[in-house]
2 protein chains.
Amino acid sequence: MDYTTMCPKYEAGIEILGKRWTGLLIRVLLGGPKRFRDIKEIVPEMSDKMLTERLKELEAAGIVVRNVYPETPVRVEYELTPKGMDLKNVVESIQAWSEKWI
Amino acid sequence: MDYTTMCPKYEAGIEILGKRWTGLLIRVLLGGPKRFRDIKEIVPEMSDKMLTERLKELEAAGIVVRNVYPETPVRVEYELTPKGMDLKNVVESIQAWSEKWI
């Protein structure tokens, strides 16, 4: 890899992935589709406002999809798209590094 | 991997790596030791103040070491430690994902 110049694609990737909470949120969703409250249970320190904001951003980036099931009451689940699922390698490399060095 | 609970080590890793500019900075230093001005040349959008702050944080985290060479004028270089070099996998997985999806 050429490290002597910055790669615009890498820069754009970091812009998405490097946001506060995003790395945690993607790890949670790698465990399968989740309702808002399921996510909150795993990351309770994250405020409702912040979680809503991040989910919207990840939807806009094509990383998360919001599924609405017309049941009573309506069930809403958040799920990784194939683009999102493909972040598994990133999450696993961060996990491996953290376990080794932290 | 267990995705049903959050891992404190992963959380701590994300806390370091997920900070604005850090992902770019580590990619630059994977190219070898650099002077302050060399880094600025590769990431010109980053302010001097922010670069100084991030380098200090990465030093404190044991990811970057600051080498001072007693020449005239004094030469100062920033270099990844083994802990920092080990982030190569993380940077490469983000690069691969970004090239595929962005």
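Each chain gets a letter, A, B and so on, in the order its sequence line appears, and its residues count up from 1. Quick caveat: nothing in here was measured; it's all calculated off a predicted structure.
Two residues are said to be in side-chain contact when any heavy atoms from C-beta on lie closer than 4.5 Å; A/Arg66 and A/Glu79 fail this criterion. Side-chain contact between A/Phe36 and A/Leu55: present, with at least one pair of heavy atoms (C-beta onward) separated by less than 4.5 Å.
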Exercise. Should B/Asp38 and B/Val28 be marked as a side chain to side chain contact (heavy atoms under 4.5 Å, CB included) after you check the CA-CA gap, both sets of side-chain angles, and the distance that decides it?
Worked result: CA-CA 9 Å; B/Asp38 300 330; B/Val28 168; over 6 Å; no
For this session: Start with the C-alpha gap between B/Glu59 and B/Lys56, add the side-chain angles, then the distance that decides, and say whether salt bridge (charged side-chain N to carboxylate O under 4.0 Å, His left out) holds.
Result: CA-CA 5 Å; B/Glu59 250 191 282; B/Lys56 276 191 186 153; over 6 Å; no
For this session: Determine, stepwise, if the pair A/Arg20 / A/Met50 fulfils side chain to side chain contact (heavy atoms under 4.5 Å, CB included).
Result: CA-CA 9 Å; A/Arg20 190 156 156 74; A/Met50 191 49 84; over 6 Å; no
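Residues of residues 82-102 of chain A lying under 4.5 angstrom from chain B, judged on non-hydrogen atoms, are A/Pro82, A/Lys83, A/Asp86, A/Leu87, A/Lys88, A/Asn89, A/Val90, A/Val91, A/Glu92, A/Ser93, A/Ile94, A/Gln95, A/Trp97, A/Ser98, A/Glu99, A/Lys100, A/Trp101, A/Ile102 by number.
Most heavy-atom pairs under 4.5 Å with chain A: of the set B/Gly18, B/Gly62, B/Ala12, this distinction falls to B/Gly18. Listed options A/Leu30, A/Ile14, A/Val43 were ranked by heavy-atom pairs under 4.5 angstrom with chain B; first place goes to A/Leu30.
Proximity to chain B (any heavy atom under 4.5 Å) is shown, for A/Met6, by both the backbone and the side chain. In this structure, chain A has a heavy atom under 4.5 Å from the backbone of B/Asp2, while its side chain stays farther away. In this structure, chain A has heavy atoms under 4.5 Å from both the backbone and the side chain of B/Leu24.
Between the side chains of A/Glu77 and A/Asn67, no donor-acceptor pair of N or O atoms lies under 3.5 Å.
Only one option out of A/Leu25, A/Ile39, A/Leu80 pairs with A/Lys34 in a side chain to side chain contact (heavy atoms under 4.5 Å, CB included); it is A/Ile39.
Stacking of B/Arg27 on the aromatic ring of A/Tyr10 is recorded, both the 6.0 Å distance cut-off and the 45° axial limit being met.
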